[in-house]
S.K.: 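This is the structure, below, for whatever I ask next.
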Amino acid sequence: MAHWLMKSEPDVFGIDHLKAEGTTLWDGIRNYQARNFMRTMAIGDRAFFYHSNITPPGIIGLMEVVEVGLPDPSQFDPQSKYFDPASKPEAPRWDCVRLKYLATFAPLLALDRLREEFTPEELAVVRRGNRLSILPVPEACATRLYELLGAPS
DNA sequence: GCCAACGTTGGC
DNA sequence: GCCAACGTTGGC
């Protein structure tokens, strides 16, 4: 089982939305590196839910991968801001995965704190200027993150 | 293939 | 609003 970190802006889709819905399709990813990470996800993997673009940013929850290799429906929807006219249903360009809510942590584990605990080499999210919305989390970091996060609230 | 211009993410 | 750190696009 691998670990991941997945960012979302809470104004758009936050941990409370996920908790209310139970599971969600993680769609709208339009970055090849992030897509390729999703393609290596397996059922049973876990992902730390990261709130971005808010004060303070940080890890707020935990999710589990429950479905993989799904074509992202928004790429075929002309009304969607993620519509991709170049993508064909017989050869979808963009994938997504389904994630299940597991836990919320309160207070969140803030980016400031993550910077005290991890180097940019260990945990990419603490690197200044990092724009990738999906990042792998090495197992050694995941173990320490569980210790730092403590019991879910 | 090179590179400049431009766009996006996200912290601050 | 600014800027860092890229990714993408398009001219050549």
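These numbers come from the heavy atoms of this one structure, side chains and all, not from hydrogens, waters or symmetry mates. Chain letters run A, B, ... following the sequence lines, proteins first and then strands; every chain starts at 1.
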S.K.: Can you list everything that forms a side chain to side chain donor-acceptor pair (under 3.5 Å) with A/Thr23? Sequence neighbours excluded, please.
M.R.: A/Arg98

S.K.: Will you find, in the side chains of A/His17 and A/Tyr101, an N or O donor that is under 3.5 Å from an N or O acceptor?
M.R.: no

S.K.: Are the charged groups of A/Arg113 and A/Glu116 less than 4.0 angstrom apart, N to O?
M.R.: yes

S.K.: Using a cut-off of strictly less than 4.0 Å between a heavy atom of the residue and any atom of DNA chain B, enumerate the qualifying residues of residues 3-10 of chain A by number.
M.R.: A/Lys7

S.K.: Can you list everything that forms a side chain to side chain contact (heavy atoms under 4.5 Å, CB included) with A/Ala91? Sequence neighbours excluded, please.
M.R.: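 A/Ala91: no side chain to side chain contact (heavy atoms under 4.5 Å, CB included) contacts found.
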
S.K.: Residues from residues 125-132 of chain A sitting under 4.0 Å of DNA chain C, heavy atoms only?
M.R.: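 By residue number: A/Arg127, A/Arg128, A/Gly129, A/Arg131.
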
S.K.: For DNA chain B, which residues in residues 28-36 of chain A have a heavy atom at a distance below 4.0 Å?
M.R.: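 None - not one residue of the stretch has a heavy atom sitting under 4.0 Å from the strand.
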
S.K.: Please, which pairs that meet ring-ring contact (aromatic ring centres under 6.0 Å, His included) have at least one residue in residues 51-96 of chain A, sequence neighbours excluded?
M.R.: A/Tyr32-A/Trp94, A/Phe49-A/His51

S.K.: Does A/Asp45 have any side chain to side chain donor-acceptor pair (under 3.5 Å) partners at least two apart in sequence or in another chain, and if so, which?
M.R.: A/Trp4

S.K.: Name every donor-acceptor pair, under 3.5 Å, that has one atom in a side chain of residues 125-136 of chain A and the other anywhere in the protein, sequence neighbours excluded.
M.R.:
unit_1: A/Asn130; atom_1: OD1; unit_2: A/Leu132; atom_2: N; d: 2.8
unit_1: A/Asn130; atom_1: ND2; unit_2: A/Ala124; atom_2: O; d: 2.9

S.K.: Test of understanding: with side chain to side chain donor-acceptor pair (under 3.5 Å), list the residues that count as partners of A/Ser8, not counting sequence neighbours.
M.R.: none

S.K.: Please determine whether residues A/Met1 and A/Met38 belong to a single hydrophobic cluster, defined as Ile, Leu, Val, Met, Phe, Trp and Tyr linked transitively by side-chain heavy-atom distances below 4.5 Å.
M.R.: no

S.K.: With sequence neighbours excluded, give me every ring-ring contact (aromatic ring centres under 6.0 Å, His included) pair touching residues 107-136 of chain A.
M.R.: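 Sorted result for residues 107-136 of chain A: empty, none.
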
S.K.: Among Ile, Leu, Val, Met, Phe, Trp and Tyr joined by side-chain contacts under 4.5 Å, find the other residues sharing a cluster with A/Leu70 and list them by chain and number.
M.R.: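 In the cluster with A/Leu70 are A/Leu25.
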
S.K.: Give me the first and last nucleotide of DNA chain B, going 5' to 3', that has any atom under 4.0 Å from a heavy atom of chain A.
M.R.: B/dG7 to B/dC12

S.K.: Does any donor atom in the side chain of A/Gln75 or A/Ser87 lie under 3.5 Å from an acceptor atom in the other side chain?
M.R.: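 Yes.
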
